[in-house]
Amino acid sequence: MTLVMKFGGTSVGSAAAIRQTAELIRSCQADWGPVVVVASAMGTQPVKVTDLLLQGAYAALAGDEATCLRVADALRQAHYETIDGLLAPEKERQQILAENQQFIERFAALCRAVLVLGELTPRALDTISAMGEQMSVRILAAYLREAGLPAGAIDATELLVTDDNFQSAAPLWAETTAQTQARLQPLLDQGIIPIVTGFIGATQTGVTTTLGRGGSDFSAAILGQALAAQEVWIWTDVDGVMTADPRLVPAARSIPVLSFREVAELAYYGARVLHPKTMRPCVENDIPLRIKNTFNPQHPGTVIVREAPAGNGSGAMKAVTAIKELSLITVEGRGMMGVPGIAARTFGAVARGQVSVLLISQASSEQSICFAAPAGATDSVLAALEQEFTAELQRKDIDRIWALRPVAIVTVVGAGMRGTPGIAGRIFSALGREALNIIAIAQGSSECSVSLVVDGADTATAVQRIHELL
Ligand code: ASP
Ligand code: MG
């Protein structure tokens with residue numbers, strides 16, 4: 001009955017937060033028995049430690065030594081203050097201070113090396129950015145011990161074996177499972193709580209890697225799979241996955257149960273609750289994934305499972321989200337009809353510019369293709385398309401390539417929408433009553449979500465009106 005729990009940056013962001021986290025760990029261990037904790041680097045605004053580490057590394061690359069020194073100071077201050085506020089001088093305070101100091105000195109030394117060499121490799125970036133977690137787990141584990149809970153800080157470099165794709169490393173599952181079980185199971189058997197660094201791993205030869213920004217959630221899921229955990233919990237600072245962004249919709253509420261599929265649609269559409277890779281190990285091993293609020297632990301949060309009750313009628317719609325700051329780019333011309341390859345060339349040109357496309361729509365008349373892309377990329381995308389279609393533009397097979405901006409994609413998600421007639425109608429009527437213009441529409445054949453493109457200025461109203469239908 002192992003439970004893997006991940007605590008984000010805010011949960012370890014200060015002495016007070018760590019005290020509260022420790023209480024949660026204590027009560028979960030009492031309820032569950034074996035608990036494995038995964039922790040992020042300290043991350044209380046305005047100081048997010050991972051950001052600071054990266055800022056220092058890039059400053060070093062730019063030859064800006066003053067910033068490196070400032071960053072090292074900020075790191076010292078954040079960690080020492082927390083340690084002083086947490087650990088008793090007669091217990092482990094000196095020891096943990098010394099360990100943290102070593103990391104900060106190592107950080108400063110690496111920055112100096114980068115500064116001298118004028119080179120910052122992805123491998124060096126990983127070694128540098130991994131230190132936030134390496135520091136935070138030592139503090140949390142020491143505090144737990146002081147609070148009377150047996151706990152041990154563990155670097156995931158000992159557990160999580162990855163490929164050498166630095167900054168976005170992928171786990172090697174067989175090796176990871178073997179090492180995780182060999183290292184953690186004996187601790188669990190003795191009632192010790194492993195406090196594991198999120199975000200990081202190591203190659204087979206022991207070089208530190210990271211799983212990508214926000215990757216601690218993924219770490220928890222990986223350990224969950226390796227240990228065949230009963231559940232994986234992600235502790236964060238909201239009551240789970242919400243029906244809408246509470247900043248846009250004050251009446252937004254937490255959704256009790258979602259399917260992996262529904263969350264996938266949501267995550268893609270910017271509900272930034274979970275690192276996108278987190279779900280796969282859980283889906284494949286049928287491990288429920290629970291999102292809970294550290295600041296409201298009594299709240300059940302959201303549990304994500306393989307099959308969620310789909311709901312019917314308006315209940316089929318579970319959440320509405322929006323992605324803003326986009327542009328809608330249209331390639332149109334009467335000469336496009338029936339000509340194969342226009343779509344491939346359009347998206348080929350976009351892809352060469354490393355721009356990702358968020359939504360595509362083409363009507364059966366084939367006289368235009370439109371797609372949404374980040375507004376910031378508009379000019380480069382237009383230029384790439386004009387170049388790709390120079391000949392067609394001259395021949396007037398393509399009349400025009402143009403962009404509408406800013407627009408937003410508003411997406412309504414819910415697996416029960418599949419096979420429930422009238423959902424789209426209800427959405428359109430709600431917006432029609434506001435005289436709100438829908439610029440484009442897309443629904444995938446999964447029917448798990450419907451997306452609408454609206455004028456950027458209409459985003460909040462559109463989300464609010466649709467939310468009233470939920
Ligand atoms: N500390 C890492 C980051 O900020 C990983 C995480 O927090 O999930 O990206
Ligand atoms: Mg996160």
Side-chain angles (χ1 to χ4, degrees), residues 4-14 17-18 21 36-58 71 74-75 78-79 82 100 103-104 107 122 125-140 153 155-157 159-160 162 166-171 195-202 208-224 232-242 245 263 266-268 270-279 281-282 289-295 301-302 304:
V4 177
M5 306 200 288
K6 176 257 175 176
F7 289 92
T10 43
S11 304
V12 292
S14 64
I18 291 180
T21 297
V36 174
V37 171
V38 174
S40 293
M42 292 177 62
T44 301
Q45 294 302 342
V47 184
K48 276 207 73 183
V49 165
T50 313
D51 290 341
L52 271 179
L53 291 163
L54 289 168
Q55 189 195 348
Y58 284 110
V71 167
L75 289 169
H79 291 90
T82 305
N100 272 256
F103 279 109
I104 294 165
F107 163 78
L125 269 172
D126 276 1
T127 299
I128 293 172
S129 59
M131 288 183 194
E133 273 74 6
Q134 291 172 318
M135 291 191 277
S136 68
V137 294
R138 284 166 169 78
I139 301 175
L140 175 59
D155 280 347
T157 49
L159 314 176
L160 227 151
T162 71
F166 295 101
Q167 299 211 267
S168 181
I195 311 294
V196 183
T197 55
F199 183 49
I200 75 180
T208 302
T209 54
T210 68
L211 306 174
R213 292 307 307 271
S216 296
D217 300 347
F218 187 29
S219 304
I222 296 170
L223 298 187
V232 171
W233 292 9
I234 308 290
W235 287 95
T236 173
D237 47 13
V238 289
D239 290 332
V241 182
M242 310 292 281
D245 182 343
V263 180
L266 276 174
Y268 184 71
R272 305 233 147 268
V273 196
L274 265 187
H275 187 280
K277 289 184 187 157
T278 312
M279 280 197 299
C282 295
L289 181 61
R290 200 178 286 276
I291 320 279
K292 282 181 68 82
N293 188 351
T294 334
F295 304 105
T302 298
I304 304 166

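Counting convention: from 1, in listed order, for ligands and their atoms alike.
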Enquirer: Find all atoms of ligand 1 within a distance of less than 4.0 Å from any non-hydrogen atom belonging to Thr50, and give their numbers and elements.
Expert: 1 (N), 2 (C), 3 (C), 4 (O)
Enquirer: Out of the candidates Thr197, Val36, Ile222, Leu223, only one should pair with Leu159 under the side chain to side chain contact (heavy atoms under 4.5 Å, CB included) rule; please name it.
Expert: Leu223
Enquirer: Checking Thr294 now: which residues fulfil side chain to side chain donor-acceptor pair (under 3.5 Å) with it, not counting sequence neighbours?
Expert: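 Partners of Thr294 under the side chain to side chain donor-acceptor pair (under 3.5 Å) test: Ser11.
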Enquirer: Please state which option from Lys6, Met42, Glu133 has its nearest heavy atom closest to atom 1 (N) of ligand 1.
Expert: Glu133
Enquirer: Judged by modelled atom types alone, do Thr10 and Thr44 share a side-chain donor-acceptor pair under 3.5 Å?
Expert: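 There is no such pair (donor and acceptor under 3.5 Å, judged by atom type) between the side chains of Thr10 and Thr44.
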Enquirer: Taking Asp126 for its side chain and Gln167 for its backbone only, find out whether a donor-acceptor pair lies under 3.5 Å.
Expert: yes
Enquirer: Distance to 0.1 Å, residue and atom name: give those for the protein heavy atom nearest to atom 4 (O) of ligand 1.
Expert: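 It is Arg213 NH2, 2.8 Å.
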Enquirer: Is any side-chain heavy atom of Ile104 less than 4.5 Å from a side-chain heavy atom of Met135?
Expert: yes
Enquirer: Tell me whether Arg138 is salt-bridged to Asp155, with the criterion being a basic N under 4.0 Å from an acidic carboxylate O.
Expert: yes
Enquirer: Can you name the atoms of ligand 1, numbered from 1 with element, that are less than 4.0 Å from a heavy atom of Phe199?
Expert: 2 (C), 5 (C)
Enquirer: Can you report which non-hydrogen protein atom sits closest to atom 6 (C) of ligand 1, along with the distance?
Expert: Ser216 OG, 3.3 Å
Enquirer: Look at ligand 1 and say whether Gly198 reaches it with a heavy atom at a distance under 4.0 Å.
Expert: no
Enquirer: Run the numbers on Asp51 and Arg213 for salt bridge (Lys or Arg N to Asp or Glu O under 4.0 Å), then give the verdict.
Expert: CA-CA 10 Å; Asp51 290 341; Arg213 292 307 307 271; 2.9 Å; yes
Enquirer: Students should be able to answer this: which protein heavy-atom is nearest to atom 7 (O) of ligand 1, and at what distance?
Expert: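 Checking every protein heavy atom, the shortest distance to atom 7 (O) of ligand 1 gives Ser40 OG, 3.2 Å.
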Enquirer: Determine, using heavy atoms of Gly214 and all atoms of ligand 1, whether some pair is separated by less than 4.0 Å.
Expert: yes
Enquirer: With a heavy-atom distance limit of 4.0 Å, tell me whether Lys48 approaches ligand 1 through its side chain, its backbone, both, or neither.
Expert: side chain
